[in-house]
Enquirer: 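Here it is, the structure, as structure tokens.
Just so you know, residue 1 is the first one in the sequence shown, and it goes up from there. Basis for what follows: all heavy atoms, side chains included, without hydrogens, waters or symmetry-related copies.
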Amino acid sequence: MSRHDTPIVTLAAQGDQPAIDLPAIGQGTWYMGEGRATPKEEIRALQQGLERGLALIDTAEMYADGGAEKVVGQALKDRRDQAFLVSKVYPWNAGRDSAINACEQSLKRLKTDHLDLYLLHWPGSIPLEETLEAFERLQAQGKIKRFGVSNFDIDDIQAFTDIPAGEHCAVNQVLYHLGSRGIEHSLLPWQRQHGIPTMAYCPIAQGGSLRRELLGDSEVNAIAEESNVSAAQVLLAWAIRPIDGKRDIIAIPKAVQPDHVEQNAAALSLTLSDDAIARLDAAFPAPRRKTPLDIV
């Protein structure tokens, strides 16, 4: 494992927003605001991450019924300009008018006047044309800068991008980690062909139907020991590795403890060797056929 400059992923221009470079590791907030840690600890963790270069913060109206957004809002007090802020709308709130209201409620909880990226959390029953109409209205009002989707498999994202406004989809956020590689068969290649980066949630295998106890895996730990890093850092470095020479995956691990935040940030400056990647591929091979999208 070697050190290198901070890896970045570029989001294409959308609307009047120019292309933007983001660090390949951000910060997730799932389970924040639920009392598993104190608000003070969660706020401190997010601010520590910002200070260490983890500029992207991902949240959603679903997380703790808006509680996570409130934590993020407190963390960003007097430092909103340091963050690239992402939130997500429930599919049942994604109508042409209901999405406007949902976004405005998120903005209130986040104590900001705009989101840098707004995602449809997963496919629902409301027609995508309605959701896109709302997203475009929110863009025109300056309340969101970009829009995208989450938990969309290949058929879903093709349907989204077949709609004229949907061709500007900024990202697709999906579950992706060493033990859950299903997107590598069809979805990831299609997104790469169409210039749509991937945001990987649960990159340290916090969940998923294909979950394996990766942090305790012998090969993962052997590579970590050889490189004098943690198993979690190996998993993060693997998740954001260049594929066929291209880097277009942003990992969004959640951390509250200061040492975990520090490890996540330090993983930005680590690159797995070709030998390490080959060993991990052998231990956790990618599927040879299309598999259902893994979702938590």
Side-chain angles (χ1 to χ4, degrees), residues 1-9 22-28 52-54 154 172-193 197-255 257 259-296:
M1 190 172 279
S2 61
R3 298 192 174 277
H4 57 82
D5 294 334
T6 298
I8 61 170
V9 172
L22 296 171
I25 297 177
Q27 302 186 79
R52 293 288 281 111
L54 306 181
I154 187 164
N172 184 15
Q173 182 182 130
V174 294
L175 185 147
Y176 182 58
H177 56 67
L178 180 62
S180 180
R181 302 180 60 175
I183 67 170
E184 292 181 33
H185 183 275
S186 303
L187 180 61
L188 190 58
W190 186 92
Q191 287 185 205
R192 304 187 87 204
Q193 181 182 355
T198 297
M199 290 178 66
Y201 71 83
C202 295
I204 309 177
Q206 295 97 323
S209 62
L210 301 178
R211 177 180 180 178
R212 295 166 74 171
E213 190 53 59
L214 297 187
L215 290 175
D217 178 78
S218 59
E219 192 68 271
V220 171
N221 278 274
I223 292 169
E225 185 175 352
E226 292 164 13
S227 307
N228 196 30
V229 296
S230 70
Q233 287 174 307
V234 169
L235 296 175
L236 284 175
W238 180 89
I240 65 170
R241 75 203 184 283
I243 300 176
D244 297 329
K246 183 175 182 179
R247 192 187 297 276
D248 57 3
I249 298 175
I250 301 173
I252 48 171
K254 175 241 179 184
Q257 298 306 315
D259 60 329
H260 291 165
V261 177
E262 197 67 22
Q263 285 186 28
N264 291 349
L268 275 171
S269 63
L270 301 172
T271 299
L272 292 171
S273 67
D274 291 343
D275 175 69
I277 291 175
R279 289 160 60 187
L280 293 172
D281 282 343
F284 299 89
R288 297 185 178 182
R289 60 179 177 82
K290 173 74 173 69
T291 58
L293 186 67
D294 208 9
I295 296 174
V296 177

Enquirer: With Asp275, which residues qualify under salt bridge (Lys or Arg N to Asp or Glu O under 4.0 Å), at least two apart?
Expert: Arg279
Enquirer: Over all heavy atoms of both residues, which pair between Ile250 and Gly26 is shortest? Give the atoms and the distance, please.
Expert: CG2-N, 4.3 Å
Enquirer: Would you please name every residue forming a side-chain hydrogen bond (donor to acceptor under 3.5 Å, both in side chains) with Asn221, sequence neighbours left out?
Expert: none
Enquirer: Who are the side-chain hydrogen bond (donor to acceptor under 3.5 Å, both in side chains) partners of Thr198, not counting sequence neighbours?
Expert: Gln191
Enquirer: Test of understanding: with side-chain hydrogen bond (donor to acceptor under 3.5 Å, both in side chains), list the residues that count as partners of Arg192, not counting sequence neighbours.
Expert: Asp248
Enquirer: Applying side-chain contact (heavy atoms from CB on, under 4.5 Å), can you list everything that pairs with Ala278, at least two apart in sequence or on another chain?
Expert: none
Enquirer: Between atom NZ of Lys290 and atom OG of Ser186, what is the distance when rounded to the nearest 0.5 Å?
Expert: 6.0 Å
Enquirer: Can you name the one residue among Leu215, Val234, Leu214 that meets side chain to side chain contact (heavy atoms under 4.5 Å, CB included) with Ile204?
Expert: Leu215
Enquirer: Do Glu184 and Arg241 sit within salt-bridge range, that is, some charged N less than 4.0 Å from a carboxylate O?
Expert: yes
Enquirer: Of all the heavy-atom pairs spanning Arg181 and Tyr176, show the shortest one and how long it is.
Expert: CA-CE1, 4.0 Å
Enquirer: Once rounded to the nearest 0.5 Å, what's the spacing between atom OG of Ser227 and atom CG of Leu272?
Expert: 7.0 Å
Enquirer: Roughly how far, to the nearest 0.5 Å, is CG of Asp217 from CG of Leu178?
Expert: 7.5 Å
Enquirer: Can you see which heavy atom on Ala265 is nearest to which on Leu54, and at what distance?
Expert: CA-CD2, 4.0 Å
Enquirer: side-chain hydrogen bond (donor to acceptor under 3.5 Å, both in side chains) with Gln27: which residues, sequence neighbours excluded?
Expert: none
